[in-house]
Each structure stands twice: as structure tokens, then as C-alpha cells.
Protein chains: 2
Amino acid sequence: MLSKKTQYAFHALIYLAENVDKGPILISEIASEKSISIKFLENILLELKNAGILGSKKGKGGGYYLMRTPKEIPLARIIRLLDGPIALLPCVSLNYYERCENCKDEAICGLHEVMSKVRDATLKLLENKSLKDILTRE
Amino acid sequence: MLSKKTQYAFHALIYLAENVDKGPILISEIASEKSISIKFLENILLELKNAGILGSKKGKGGGYYLMRTPKEIPLARIIRLLDGPIALLPCVSLNYYERCENCKDEAICGLHEVMSKVRDATLKLLENKSLKDILTRE
DNA sequence: AATTAGTCTATATTTTTTATAGACTTTATG
DNA sequence: CATAAAGTCTATAAAAAATATAGACTAATT
């Protein structure tokens with residue numbers, strides 16, 4: 001399961017994408033529209049900013065805005081940033097790899113093989129689908 | 001990521017499958033062979049037993065054994081039992097469904113659509129692959 | 001200068017995961 | 001039938017992670 005943090009990030013990003021024309025959006029507006037604790041959301045938006053996904057402006061008329069078009073923000077990027085590994089096991093993670101302690105040889109480990117396939121199937125979707133793909137269709 | 005509990009369960013099941021000919025296997029043997037805390041492993045094996053996957057025998061010559069052939073134990077079964085939902089969001093879980101609070105209509109929610117696809121791709125593998133498929137190949 | 005709004009650092013709370021303890025029951029066998 | 005072997009059960013503890021909050025600080029606008 002994705003953490004609340006990641007789920008909130010998706011909802012916030014969707015809101016920002018659906019309101020690009022309004023310029024910078026207040027944290028408090030996103031928080032109340034999406035029913036997220038404002039202080040918790042602050043942290044999340046900051047992380048997204050530090051990762052280069054969002055930009056911000058302080059003072060009156062300030063707020064957060066997308067730094068890229070929704071099409072350019074893959075879902076996998078958001079998940080890895082806020083949730084960590086997408087793979088089901090450390091030994092099949094591309095970005096957070098850790099050697100398996102219990103198994104002697106990954107090359108002949110059947111669990112490794114199956115979980116690699118699961119990872120590939122998942123990434124095929126999450127790396128190719130972007131913020132644009134999760135905007136509400138009408 | 002799968003929890004340690006689920007990872008330990010896989011390793012224990014693999015060990016049991018690879019030693020079917022030896023009759024019931026001691027918890028302590030699995031624990032030391034796979035470097036798992038014996039008391040923690042106890043709980044895990046009990047859960048697997050209560051779910052009908054393992055059987056056990058008390059007293060001398062006792063231990064745990066598989067109640068079904070490895071082929072009949074889908075990986076998804078183990079994961080759901082010990083880890084809960086396989087889906088990335090509650091609103092796309094088949095076995096642990098919860099309605100999404102932030103979205104008005106799941107039918108037109110893009111996040112719902114993508115995450116359903118991820119779930120389907122994952123389940124296609126985890127429900128069709130069994131304990132047999134993760135045994136070490138030689 | 002005053003107000004608005006994001007930034008930063010720290011901490012608190014809650015939940016989940018991981019692990020342990022110990023008394024109890026069942027079974028085999030000498 | 002006594003003893004030892006081995007799983008069962010209930011409870012609790014410890015550690016880690018997830019979730020949430022507080023408040024002082026900085027930057028921008030008017």
C-alpha cells in the first residue's frame with residue numbers, strides 16, 4: 001500500500017494540475033479542498049519542491065505551482081520520492097537494492113525471479129503513466 | 001515492500017517444500033537454517049497453519065509440514081494472509097476494499113484507473129505463480 | 001512597516017512491525 | 001505413567017515508521 005503521504009501528494013498534484021491557470025496555489029487551499037492536515041501537507045509540498053517537481057513563491061500572491069507539465073511527471077517518480085522502493089523485495093529493487101541475506105545465489109533464486117517480474121510489470125505502468133494520466137476525465 | 005513476516009514465511013515454506021521427504025520439520029531447524037528468530041517464526045507458522053496451508057504434529061518426531069503440494073499454494077495467498085492488501089490503494093483492493101474519501105467518483109478517477117491496472121498486472125503474476133515456482137532451480 | 005505565505009527544525013503522537021516471555025497442551029516412548 | 005519433546009496460546013515489550021503538530025524564521029508584496 002502507498003502511504004498517506006504519497007496519496008496526499010497525488011491529490012495535491014492533481015489539484016495543482018487542474019488549477020494551473022490560477023497561478024500559485026496556497027497550501028491552505030489545497031489542504032482544505034483535499035481534506036489534508038495543512039502542516040503535514042506543508043512537508044510534502046516542500047519535498048516535492050526540493051525534488052524539482054514543484055516551485056513556490058512566498059508572500060502575498062504566493063503559493064505552489066508545477067515546475068513541469070503533468071505529462072512530464074511520471075507516477076513512479078512521486079512514489080519513489082515519498083514512499084521509497086516500488087519493488088516487493090529489497091533484492092529486486094532497482095533504486096534501493098539490498099542483497100538478500102537468506103539466499104545464497106540470486107541467479108537461481110526462484111523468489112528473486114518472480115519478484116523481478118512483478119517489479120517489471122509494475123514499473124511498466126508507473127514509469128509510463130504520468131500526472132496527466134490521473135487527472136479526472138470528463 | 002513485503003514485511004519481514006511475509007519474507008520469513010516464504011523462506012520457511014521453501015525450506016519445508018525442499019524437505020518434504022524428511023517428514024515434520026522442527027521450528028528450530030527452520031529458524032536456524034534460515035536465520036529467523038525462533039519465537040517470531042513460531043507465530044508465522046501458526047498463522048500459516050490456521051489458514052490451512054501448514055499442518056503440525058506435537059511431541060517427539062513432531063514439527064511442521066505442508067498441507068498441500070507447492071503447486072497448490074499461490075504466492076498471493078501468502079502475501080494477503082501475512083501482509084494484507086496487494087493493491088497500492090484501498091480503493092482498488094479486491095480483498096480489502098475501502099472507498100476513497102478524497103475522490104467523488106471512482107468511475108472517472110484517473111488514479112483509480114491506473115492503480116487498477118497495476119493491481120491486475122501484479123495479481124496476474126502472484127495468483128498464477130505458486131510456491132513451486134520459487135523453489136531453487138538446479 | 002505590516003501582512004502574507006512559504007521554510008526550517010524539532011518534537012509529539014499513533015500505529016505497525018518485529019520480537020520476546022512464559023505458562024500450557026499434546027504426543028511419543030521407555 | 002513419568003518424562004521429555006515439541007507445538008500452542010496469550011500477553012507484552014521494544015523498535016521503527018508513519019502521521020501530525022508547533023513555532024520561530026525568511027522572503028515577497030503593498
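Numbers restart at 1 for each chain; the letters A, B, ... are given by sequence-line order, proteins then strands.
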So, does [X] get its side chain near the phosphate of [N], meaning an N or O under 4.0 Å from OP1 or OP2?
| X | N | answer |
| --- | --- | --- |
| Lys5(A) | dT19(D) | no |
| Lys58(B) | dC24(C) | no |
| Ser37(A) | dT19(D) | no |
| Ser3(B) | dT18(C) | yes |
| Tyr8(A) | dA20(D) | yes |
| Ser56(A) | dT7(C) | yes |

Any N or O donor-acceptor pair linking the side chain of Lys39(A) to the base of dG23(D) at under 3.5 Å?
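Such a pair is found, so the answer is yes.
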Regarding [X], tell me which of base, sugar-phosphate or nothing describes its non-hydrogen contacts under 4.0 Å with the strands shown.
| X | answer |
| --- | --- |
| Ile25(A) | sugar-phosphate |
| Leu26(A) | sugar-phosphate |
| Ile38(A) | nothing |

Send over the distance from [X] [atom1] to [N] [atom2], rounded to a whole Å.
| X | N | atom1 | atom2 | answer |
| --- | --- | --- | --- | --- |
| Tyr64(A) | dA28(D) | OH | P | 14 Å |
| Ile36(A) | dT21(D) | CD1 | P | 13 Å |
| Leu46(A) | dA20(D) | CG | P | 17 Å |
| Asn43(A) | dA5(C) | CG | P | 19 Å |
| Met1(B) | dT18(C) | CE | P | 12 Å |
| Lys4(A) | dT16(C) | NZ | C1' | 15 Å |
| Glu47(B) | dT10(D) | CD | P | 13 Å |
| Leu41(B) | dT20(C) | CG | C1' | 14 Å |

Among dT27(C), dT8(D), dA6(D), which nucleotide sits nearest the side chain of Lys57(B)?
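The closest nucleotide is dT27(C).
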Closest to side chain of Ile27(B), choosing from dT4(C), dC8(C), dG7(D):
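Nearest to the side chain of Ile27(B) among the choices is dG7(D).
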Would you say that Ile134(A) contacts Phe10(A) through its side chain, given a criterion of any heavy-atom pair below 4.5 Å between the two side chains?
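Ile134(A) reaches Phe10(A) side chain to side chain.
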Heavy-atom pair with the smallest gap, counting every atom of Gly62(A) and Leu26(A):
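Smallest heavy-atom distance, with atoms named: O-CD2, 3.6 Å.
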Pairwise distance CD(Glu98(A)) to CE(Met1(B)) - rounded to 0.5 angstrom:
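Rounded to the nearest 0.5 Å, the CD-CE separation comes out at 7.0 Å.
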Between the side chains of Glu127(A) and Arg80(A), is the shortest nitrogen-to-carboxylate-oxygen separation below 4.0 Å, so that they form an ion pair?
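Yes, charged N to carboxylate O under 4.0 Å.
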Electrostatic pair Lys129(A):Glu113(B) at N-O distance under 4.0 angstrom:
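Between Glu113(B) and Lys129(A) there is no salt bridge, as every charged N stays at least 4.0 Å from the carboxylate O atoms.
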Expected output: side-chain Glu72(B) to main-chain Thr69(B) donor-acceptor under 3.5 Å
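It does hold such a pair.
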Return whichever of Gly59(A) or Leu45(A) has its heavy-atom-nearest nucleotide of DNA chain C closer to the 5' end.
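That would be Gly59(A).
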